[in-house]
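Keep in mind that the numbers below use all heavy atoms, side chains included, and drop hydrogens, waters and symmetry copies.
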Amino acid sequence: MSASLRDLGSSLRRLAGSGVGVVRVLSRHGFGTVESGQMVIGTAGGERAGELYRGALDDSALPLVAASAAGPGTRDAHVAESAAIDAGLACAGGATLLGHPLPAGHAEVLGAALQNGTPAALVSTADGATVLVLTGPGLETVTGGLGNGVLDESAVTAARALLRRGATVTEVVPTEAGDLLLDLWVPVPSVLVVGAGAIGDALARQADLLGWAARSESGLDATVAAVEAFTDADVLVLLDHDPAFDAALLAGLRHGRGFLGALGSRRTQAARRERLLAAGVTEDELARVHGPVGLDIGARTPAETAVSIVAQVVAERAGRAGAALAAAPGRIGA
């Protein structure tokens with residue numbers, strides 16, 4: 001999770017016993033590309049935490065959050081071009097905001113997950129009348145319910161399917177029993193770079209720019225231990241061509257978690273492939289090893305190579321092929 005989400009989680013836990021209301025984005029148009037999973041929380045007494053779209057929606061969100069501690073409601077918000085740009089957004093836009101109470105137990109569980117960097121989802125009916133919270137690495141822990149078994153099943157299925165994409169999302173889920181508003185928070189990627197050099201330095205800078213964590217290792221035992229502890233959000237970029245580091249890839253394949261990438265020429269990749277097959281790795285398992293790692297963008301410098309690598313990680317987490325936006329179907333930034 002980002003530092004701001006960890007702070008939001010801490011605030012949720014602190015306010016859990018005071019009657020918490022939350023405000024979320026039910027629908028929006030315009031604004032350009034914005035981060036998903038944004039939320040404002042507060043109490044009737046005036047305590048607040050979080051923000052929506054860099055504060056551009058505060059005029060509507062703050063009064064709604066105070067009222068939502070007592071009961072659900074919606075409010076339309078419109079932001080003019082100048083105000084949107086002043087807030088750091090790309091353009092004007094409008095949104096329908098949903099406010100609703102978050103019971104103390106739900107607030108504590110969701111707050112702890114956000115604070116500790118555990119995947120979490122908040123699901124409500126579109127009118128905010130009932131709420132469900134999912135937490136845990138596989139969203140296996142369910143708190144609350146939507147008052148309808150069909151809705152509960154739909155919520156759990158949708159949240160877990162979105163989790164496999166590995167990205168924080170805000171999405172309206174249509175069901176036969178009514179629409180659901182689902183916010184899913186996935187931990188920010190942590191990049192483990194194995195090996196030294198200019199590409200590793202560039203990867204660390206690129207990760208920092210994206211708000212990701214990054215660290216480097218050069219020892220085999222420390223690398224394997226780190227990969228064995230991977231979550232789905234973690235990323236291995238193997239720069240060292242020493243065959244001994246095949247053990248790190250084997251550890252990642254055994255546990256089935258994280259993005260596994262390895263740099264190297266076609267010859268290096270072919271030799272690694274033969275070694276892994278000889279170690280008992282199947283063809284299906286080998287498909288999880290991204291080598292050579294990175295998208296084909298014509299990268300030549302270390303900085304460009306770092307961009308190609310993180311671009312492939314982003315595409316993989318979103319279930320995209322990494323093609324040009326002009327050729328992509330659907331809404332831009334979805």
Side-chain angles (χ1 to χ4, degrees), residues 1-13 20-29 31-42 48-58 61 64-65 68 77 87-89 93 95-100 102 106-107 109-126 128 131-139 141 143 155-156 158-173 179-190 210-213 231-233 313-314 317-320 331 333-334:
M1 300 292 179
S2 66
S4 59
L5 274 176
R6 289 194 294 269
D7 291 343
L8 186 62
S10 177
S11 296
L12 260 179
R13 302 186 73 183
V20 178
V22 303
V23 174
R24 305 151 67 202
V25 178
L26 181 60
S27 65
R28 60 111 175 170
H29 62 272
F31 299 119
T33 301
V34 294
E35 292 183 15
S36 298
Q38 297 192 40
M39 181 170 65
V40 173
I41 68 170
R48 305 280 185 273
E51 67 175 10
L52 295 176
Y53 298 175
R54 298 177 175 265
L57 301 178
D58 280 359
L64 182 59
V65 77
S68 67
L89 302 172
T96 298
L97 306 181
L98 171 67
H100 61 79
L102 192 63
H106 295 58
V109 169
L110 179 60
L114 296 179
Q115 188 176 21
N116 297 328
T118 302
L122 173 61
V123 189
S124 71
T125 50
V131 191
L132 178 149
V133 172
L134 303 168
T135 55
L139 300 180
T141 302
T143 302
V156 171
R160 290 174 180 167
L162 289 169
L163 178 65
R164 289 193 288 272
R165 288 171 46 182
T168 294
V169 296
T170 297
E171 191 159 304
V172 174
V173 180
D179 289 349
L180 304 176
L181 176 59
L182 188 156
D183 280 299
L184 169 70
W185 295 276
V186 178
V188 172
S190 175
L210 293 169
W212 299 0
T231 68
D232 288 333
V313 173
V314 171
R317 284 164 58 86
R320 300 296 178 90
R331 193 180 72 183

d(Asp7 CG, Gln115 CD) to nearest 0.5 Å is 9.0 Å
Checklist line | Residue pair Leu102 / Ile41, side-chain heavy-atom distance below 4.5 Å | finding: no
Between the CG atom in Leu181 and the CG atom in Leu122, the distance rounded to the nearest 0.5 Å is 7.5 Å
Value for CG (Leu8) from CD (Gln38), rounded to nearest 0.5 Å, stands at 10.5 Å
The salt bridge (charged side-chain N to carboxylate O under 4.0 Å, His left out) partners of Asp58 (sequence neighbours excluded) come to none
Item checked: Donor-acceptor contact present, side-chain Thr141 to main-chain Leu134, <3.5 Å -> no
### Test item: Thr135 side-chain N/O and Ala120 main-chain N/O as donor-acceptor pair under 3.5 Å
no
> Got Thr168 and Glu35 here, is their nearest side-chain heavy-atom distance under 4.5 Å?
Replying inline: no
When every non-hydrogen atom of Leu98 is compared with those of Gly128, the smallest separation belongs to CD1-N, 3.9 Å
Shortest non-hydrogen pair, Ala87 vs Ala56, comes out as CB-CB, 4.0 Å
Scanning both residues in full, the closest heavy-atom pair of Arg160 with Leu139 reads NH2-O, 3.0 Å
Evaluate the side-chain hydrogen bond (donor to acceptor under 3.5 Å, both in side chains) criterion for residues Arg24 and Ser124: first the C-alpha distance (whole Å), next the side-chain angles of each, then the deciding distance (0.1 Å), finally the verdict. CA-CA 10 Å; Arg24 305 151 67 202; Ser124 71; 2.9 Å; yes
Is the shortest side-chain heavy-atom distance between Leu57 and Phe31 below 4.5 Å? yes
Side chain to side chain contact (heavy atoms under 4.5 Å, CB included) test vs Thr170 passes for just one of Leu182, Leu184, Leu26, Asp183, namely Asp183
To the nearest 0.5 Å, atom CG of Leu110 lies from atom CG of Leu132 at 11.0 Å
> Heavy-atom count around Arg48 CZ within 6.0 Å, excluding the residue itself: above 12?
Replying inline: yes
In this structure, CD of Glu171 is separated from OG of Ser36 (nearest 0.5 Å) by 9.0 Å
Nearest heavy-atom approach of Tyr53 to Leu89 is O-CD1, 3.9 Å
Task: Main-chain N/O of Gly93 paired with Arg28 side-chain donor or acceptor, under 3.5 Å - done: no
Leu97 side chain near Val25 side chain, heavy-atom distance below 4.5 Å: yes
Test item: Ser68 side-chain N/O and Val65 main-chain N/O as donor-acceptor pair under 3.5 Å
yes
